[in-house]
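Reviewing the structure listed below.
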Amino acid sequence: MILPKRNLNELRNFLFGELSAVFAFLRFQMRVYIFLCLMCWVRSDNKRPCLEFSQLSVKDSFRDLFIPRIETILMMYTRNNLNCAEPLFEQNNSLNVNFNTQKKTVWLIHGYRPVGSIPLWLQNFVRILLNEEDMNVIVVDWSRGATTFIYNRAVKNTRKVAVSLSVHIKNLLKHGASLDNFHFIGVSLGAHISGFVGKIFHGQLGRITGLDPAGPRFSRKPPYSRLDYTDAKFVDVIHSDSNGLGIQEPLGHIDFYPNGGNKQPGCPKSIFSGIQFIKCNHQRAVHLFMASLETNCNFISFPCRSYKDYKTSLCVDCDCFKEKSCPRLGYQAKLFKDVLKERMEGRPLRTTVFLDTSGTYPFCTYYFVLSIIVPDKTMMDGSFSFKLLNQLGMIEEPRLYEKNKPFYKLQEVKILAQFYNDFVNISSIGLTYFQSSNLQCSTCTYKIQSLMLKSLTYPERPPLCRYNIVLKEREEVFLNPNTCTPKNT
């Protein structure tokens, strides 16, 4: 069958149109494909992998016996890359765009890693710091140097790490960073690395915090061989295992000794508890510092010559710290930097402070001081106990820090008390007087001119007072206090 010429032309035009449409669609598809490929290429080029903390093991500790290595890796975190560490410097030695030279920079340095494990607290520490303040955080990974069975080798490597860090710091200074904005937080051997860095820069670092600085090979060494208060403008130290892996002697402008500096509550007391028996006390300093950031706990501490004096209520006052009240352990220690400098003029450059904590995270306790004023010589040598009752009917007896001086020689006695729960709305104070001598008198009465209860943990709360009280020996009296008048506070 032969189609007419007109029909052939129409068919040819129809087929040509269809083919043109097909080719146009294919060209569009090709363009989309090329565009997507280019996008993937750009993304893959910009999305670099996160830096990971060195994954080492016992094998690396064995290898170090024969082939010692040392390497320092700087892992930078900011709020822009909270979950993905980036290098501080690019391959062309330019500064990472996320690093802000005008902001504070915290350098977090770990300690000895005998089996190469990653510090369990590390990532949480970074998160807590960045949640507290918009800053730069640099984790110093020197695992290749700390992972060894030879502790003395790790000790020697601390100075090498400090020299390596000083090179990077000098580069940062060229980019406009400031030593005064640097806060080094060193754990164990990391505390001494921080000190060595501070020595290289002649004590111009803003702050160094030593978290239970290592004791072995550093105890009783001269200042140039360990962390020292001259290594930064402000040096605060927390001692939590001073009779074990930590160091006993004070090193900083202010040294905190929680629970006396050793045998932390909640830590295992038996060697059968495994590795926790060895490291729990040592790492408590880390967790206390983190708790000071992550919770509302005020870890107030008391300046005192010794833990023994502190336990006998001889160091209740923090008058030398003026309106800032008692020093606070942890991140808030910086609030007392200026006060400490004032105290140093003409006085020893050491302030040792003590506190007690609970045994479970976040380790909070709450301190009150009960001040009692009596007429001279109206009471025999005795002691008081007291408890608090809140508006909900809850009663709690505190841990009392007994005073070892005879009461009858004092017109005012201050009793330090520690509670494991905070009492805000106090409805009454249960007070009991005990005679220490054998001359007990069940019918005798004892006059108290006034008593004042004050929260030391939260000094901004108004103190409570009660006046003209009469007590009988061993007879508990519940007193309803009122807010003190200004002349009595």
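Numbers for residues simply follow the sequence, beginning at 1. Side chains are part of it too, since the values below use all heavy atoms of this structure and drop only hydrogens, waters and symmetry mates.
For the 3.5 Å distance criterion, the side chains of Tyr257 and Tyr307 fail to qualify, holding no donor opposite an acceptor. Neither side chain, Ser178 nor Asn181, offers a donor N or O lying under 3.5 Å from an acceptor on the other. Side chains of His183 and Thr105: a donor-acceptor N/O pair is absent below 3.5 angstrom, by distance only. Between the side chains of Asn83 and Tyr77, no donor N or O sits under 3.5 Å from an acceptor N or O. For the residue pair Thr357 / Asn259, a side-chain donor-acceptor distance below 3.5 Å is found, with atom types taken as modelled.
For the pair Phe384 and Leu431, the minimum side-chain heavy-atom distance is below 4.5 Å. Counting only heavy atoms from C-beta outward, the side chains of Leu108 and Val140 never approach each other to under 4.5 Å. Residues Val187 and Asp212 are not in side-chain contact: their nearest non-hydrogen atoms beyond the backbone lie 4.5 Å or more apart.
A salt bridge links Arg207 with Asp236: the distance from a Lys NZ or Arg NE/NH1/NH2 to an Asp or Glu carboxylate oxygen falls below 4.0 Å. Taking the charged nitrogens against the carboxylate oxygens, Asp228 and Arg226 do have a contact shorter than 4.0 Å, which makes a salt bridge. By the 4.0 Å N-to-carboxylate-O rule, Arg461 lies close enough to Asp422 to be salt-bridged with it. Ion pair Arg69/Asp64 not flagged as a salt bridge, since none of the NZ, NE, NH1 or NH2 atoms sits closer than 4.0 Å to an Asp/Glu carboxylate oxygen. A salt bridge links Glu476 with Lys387: the distance from a Lys NZ or Arg NE/NH1/NH2 to an Asp or Glu carboxylate oxygen falls below 4.0 Å. Between Glu249 and Lys221 there is no salt bridge, since no side-chain nitrogen of the basic residue lies less than 4.0 Å from a carboxylate oxygen of the acidic one.
When ring centroids are compared, His192 and Phe218 come within the 6.0 Å threshold. Here Tyr366 and Tyr420 keep their ring centres 6.0 angstrom or further from each other. Taking the centre of each ring, Phe149 and Phe62 come in below the 6.0 Å mark.
In this structure, Arg399 places its CZ atom where more than 12 heavy-atom neighbours from other residues, nucleotides or ligands lie under 6.0 Å away. In this structure, Phe277 places its CZ atom where more than 12 heavy-atom neighbours from other residues, nucleotides or ligands lie under 6.0 Å away.
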Requested in this report: Check the pair Phe53 / His110 against ring pair (Phe, Tyr, Trp, His ring centres under 6.0 Å), numbers first and verdict last.
Outcome: CA-CA 11 Å; Phe53 196 88; His110 64 84; 5.4 Å; yes

Requested in this report: Might you work through the side chain to side chain donor-acceptor pair (under 3.5 Å) test for Ser54 and Asp141, ending with a clear yes or no?
Outcome: CA-CA 7 Å; Ser54 299; Asp141 176 6; 2.7 Å; yes

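Remark: Phe299 engages no residue in a ring-ring contact (aromatic ring centres under 6.0 Å, His included) (not counting sequence neighbours).
Tyr401 and Tyr367 have tilted rings, their planes meeting at an angle from 30° to 60° on a 0 to 90° scale.
A donor-acceptor pair is defined here as one N or O able to donate and one able to accept, closer than 3.5 Å; such a pair exists between the side chain of Asp241 and the backbone of Leu245. In this structure, the side chain of Asp309 does not engage the main chain of Arg305 through any donor-acceptor pair within 3.5 Å.
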